[in-house]
Protein chains: 2
Amino acid sequence: MSTYRRSCLIRGDGGRAIRGLLDRVGDKWTLLVVTTLDGERLRFTELQHRVPGISQRMLTRTLRHLERDGLITRTAYPEVPPRVEYALTPRGRTLIAPAVALAEWAVDNDPAITASQAAYDAAHPSAAATD
Amino acid sequence: MSTYRRSCLIRGDGGRAIRGLLDRVGDKWTLLVVTTLDGERLRFTELQHRVPGISQRMLTRTLRHLERDGLITRTAYPEVPPRVEYALTPRGRTLIAPAVALAEWAVDNDPAITASQAAYDAAHPSAAATD
DNA sequence: CTGGATCCACTCTGATACTG
DNA sequence: CAGTATCAGAGTGGATCCAG
């Protein structure tokens with residue numbers, strides 16, 4: 001099974017697949033929240049602590065989107081004070097593997113990419129800071 | 001080799017890996033351009049035709065970023081009219097596989113996700129259109 | 001504790017016009 | 001052909017306040 005030109009499958013729809021993908025997981029927090037929920041069942045506040053820098057608003061929005069997409073479950077317990085737990089659905093779990101694969105690519109290639117950027121900036125001093 | 005909790009590797013850095021990943025390929029056009037260049041060596045205009053909807057400005061920006069990251073090569077021939085060809089570097093080619101894997105996840109799960117959204121919107125009629 | 005509502009700053013993108 | 005420059009609109013994210 002060759003991987004050569006596999007992307008034709010993806011480009012065949014004029015980019016709709018990739019566009020939808022980015023609409024779903026291309027924002028700032030979604031992948032972070034999903035990977036944080038990997039194998040864990042967490043409450044709102046705990047989630048906020050584990051995703052450094054996320055605001056209440058953004059966490060709420062991200063969780064709502066993920067719930068709407070059927071990737072996580074939201075379980076509210078009728079207690080006081082309220083307790084809400086979030087967990088990945090089976091489908092949400094299937095996202096982990098390809099997402100981590102991409103993230104690992106990013107980790108593996110980060111040094112080389114950073115070096116490339118430095119070399120590029122050195123060769124193009126004008127547009128370095130501008131763009 | 002279990003894939004369970006593999007994401008701990010990614011979350012260990014406080015999300016820096018994923019953040020960098022999104023900064024690189026999380027924008028609207030990068031993945032589209034990269035997959036379009038899969039196995040091909042294309043000129044600027046040809047690229048613009050194969051990525052429907054992209055503007056000159058966005059194509060230029062995307063190509064510059066990819067070149068800076070060392071994922072594509074830009075070859076300008078000193079002719080008139082000018083001719084410039086873009087192609088993936090070896091490192092750029094390594095991005096194809098994980099990117100396609102994620103895109104395939106999106107394709108495979110799109111029907112179920114769309115259904116989930118419809119069900120969610122039916123159950124939450126108030127916040128459906130608002131957010 | 002959870003999270004809705006509002007306001008604001010910033011970025012990203014597209015359209016248009018111009019250049020070598 | 002292959003860009004660059006400028007402007008305007010939309011979208012995104014953050015801070016804050018308020019409510020169940």
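We name chains A, B, ... by the order of the sequence lines, and we start the count at 1 in each one. Because only heavy atoms are used, hydrogens play no part in the values below, and waters and symmetry mates are left out as well, while side chains stay in.
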Divergence of helical axes at both termini of the helix from C:dC1-D:dG20 to C:dG20-D:dC1 - five pairs an end, 10° steps:
40°

Does the A:T35 side chain pair with the main chain of A:L32, one donor and one acceptor, at a distance under 3.5 Å?
yes

How close or far is atom P of D:dG13 from atom CG of B:L22, stated in whole angstroms?
10 Å

Closest to the side chain of B:T45, out of D:dA2, C:dG3, D:dT4, is D:dA2

Can you tell if the side chain of B:L59 reaches within under 4.5 Å of the side chain of B:W29, non-hydrogen atoms only?
no

salt_bridge(B:E85, B:R74) N-O dist < 4.0 Å
no

To the nearest Å, how far apart are B:L59 CG and D:dA5 P?
17 Å

B:K28 side chain N/O closer than 4.0 Å to the phosphate oxygens (OP1, OP2) of C:dG14?
yes

For A:R24, is there an ion pair with B:D110 - N to carboxylate O distance below 4.0 angstrom?
yes

side-chain N/O B:R57 vs D:dT6 OP1/OP2, d < 4.0 Å
no

Say whether, by atom type as modelled, one donor and one acceptor occur between the side chain of A:T89 and the main chain of A:G70 under 3.5 angstrom.
yes

Earlier contact from the 5' end, DNA chain D, for B:V84 and A:G53:
B:V84

Taking the minimum atom-to-atom distance to the side chain of A:F44, which one of C:dT13, D:dG3, C:dT2 wins?
C:dT2

Minimum-distance nucleotide (side-chain atoms of B:R74 versus C:dG3, D:dA2, C:dT13):
D:dA2

Does OP1 or OP2 of D:dA2 have a side-chain N or O of B:R43 closer than 4.0 Å?
yes

Using 4.0 Å as the upper bound for N to carboxylate O, is an ion pair formed by A:R68 and B:D121?
yes

Calculate the interatomic distance between B:R61 atom CZ and C:dG14 atom P; express it in whole Å.
11 Å

Is the shortest side-chain N/O distance from B:R64 to OP1 or OP2 of D:dT4 below 4.0 Å?
yes

B:R91 side-chain N/O to B:D69 backbone N/O, donor-acceptor pair under 3.5 Å:
yes

Rounded to whole Å, CD of B:E46 lies from C1' of D:dG3 at a distance of 17 Å

For C:dT13, take OP1 and OP2 only and decide whether either is under 4.0 Å from a side-chain N or O of B:S55.
no

Return the value, rounded to whole Å, for the distance between atom CH2 of B:W29 and atom P of C:dT11.
22 Å

Can you tell me if the side-chain N/O atoms of B:Y86 get under 4.0 Å from OP1 or OP2 in D:dC1?
no

